[in-house]
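Quick notes on the structure that follows.
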Amino acid sequence: QVQLVESGGGLVQHGDSLRLSCAASGRTFRNYAMGWFRQAPGKEREFVAAINWSGGSTYYADSVKGRFTISRDNAKNTLYLQMNSLKPEDTAIYYCAADAIFRGPGGSSYYADRDNYDYWGQGTQVTVSS
């Protein structure tokens, strides 16, 4: 069992930055690919970014590419999402997720599918005012 706890959300203005963190329990964090998803009111949960177990491969939704950076520190069992140049349309609850059972084949389409993730955090609210 893996527990994920997000933090770092808040209310910011258009153009500001935030860094989200996701603390994971357990010794197997380093074995998992990880992802960030978000859900705005009235919308489905959507993919934001993902990173493989080593941090050597990252994937982004087109809407955040060039503004957001996903990273991980396996020694600290922590996943990060650095969000720059925030826009009002980034307002959502942000969730981290762990892919504990690598079903293959990897790649952007695989990691963008929320059904490939086995554990989810409770979410952290990000609100960007215009």
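Side-chain N or O atoms of E6 include one that pairs as donor or acceptor with a backbone N or O of G123 at under 3.5 Å. In this structure, T78 contributes its side chain and K76 its backbone to a donor-acceptor pair below 3.5 Å. Here the side chain of T127 pairs no donor or acceptor atom with the backbone of L11 at under 3.5 angstrom.
Of all heavy-atom pairs between Y117 and G35, the closest is CE2-N, 3.7 Å. Here the shortest heavy-atom pairing between T91 and V128 reads OG1-N, 2.9 Å. Between A49 and L81, the shortest heavy-atom contact is CB-CD1, 4.3 Å. Between A40 and A92, the shortest heavy-atom distance links the atoms N-CB, 3.8 Å.
With no hydrogens or angles considered, no side-chain donor-acceptor pair links Y111 and D99 at under 3.5 Å.
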**Request:** Check the pair V64, R38 against side-chain contact (heavy atoms from CB on, under 4.5 Å), reporting the backbone distance first and the verdict last.
**Result:** CA-CA 12 Å; V64 306; R38 66 186 181 187; 4.0 Å; yes

**Request:** Please test D73 against Y80 for side-chain contact (heavy atoms from CB on, under 4.5 Å), starting from the C-alpha separation and ending with a verdict.
**Result:** CA-CA 8 Å; D73 186 336; Y80 302 101; 4.1 Å; yes

**Prompt:** So Y60 and R67, side-chain contact (heavy atoms from CB on, under 4.5 Å) or not? Walk me through it.
**Reply:** CA-CA 10 Å; Y60 297 94; R67 299 188 298 122; over 6 Å; no

**Request:** With side-chain contact (heavy atoms from CB on, under 4.5 Å) as the test, would you mind laying out the steps for W36 and L79 before giving the verdict?
**Result:** CA-CA 9 Å; W36 286 101; L79 175 74; 3.4 Å; yes

When the side chains of residues 12-22 are checked against the rest of the protein, which donor-acceptor pairs come out under 3.5 Å, sequence neighbours left out?
unit_1	atom_1	unit_2	atom_2	d
D16	OD2	Q13	N	3.0
S17	OG	N84	OD1	2.9

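Distance check: F102 CZ to N52 CG gives 9.0 Å after rounding to the nearest 0.5 Å. Interatomic distance, S109 OG to N116 CG, rounded to the nearest 0.5 Å: 10.5 Å. The distance from atom OG of S25 to atom CD of Q1, rounded to the nearest 0.5 Å, is 8.0 Å. Here the CD1-OG distance, from I51 to S71, works out to 6.0 Å after rounding to the nearest 0.5 Å.
At a threshold of 4.5 Å between side-chain heavy atoms, the hydrophobic network of Ile, Leu, Val, Met, Phe, Trp and Tyr places Y119 and F47 in two separate groups.
When the shell of 6.0 Å around CD of Q3 is examined, it contains 12 or fewer heavy atoms from other residues, nucleotides or ligands.
Cation-pi geometry between R45 and Y95 is met: under 6.0 angstrom from the ring centre, within 45 degrees of the axis. Relative to the ring axis of Y32, R72 does not place its NZ or CZ within 45° and under 6.0 Å from the centre.
Looking only at side-chain heavy atoms (C-beta outward), M83 and V126 come within less than 4.5 Å of each other. Put simply, the side chain of M34 reaches to within 4.5 Å of the side chain of F29, judged on heavy atoms.
Sorted pairs that involve residues 52-61 and meet salt bridge (charged side-chain N to carboxylate O under 4.0 Å, His left out), not counting sequence neighbours, are lacking altogether.
Between Y94 and F68, the ring-plane angle classifies as tilted under the 30° and 60° cut-offs.
Between D90 and K87 there is no salt bridge, since no side-chain N of the basic residue sits under 4.0 Å from a carboxylate O of the acidic one.
Listed by chain and number, the residues in a side-chain hydrogen bond (donor to acceptor under 3.5 Å, both in side chains) with K43 amount to none (sequence neighbours excluded).
Between F37 and W120, a ring centre-to-centre spacing shorter than 6.0 Å is recorded.
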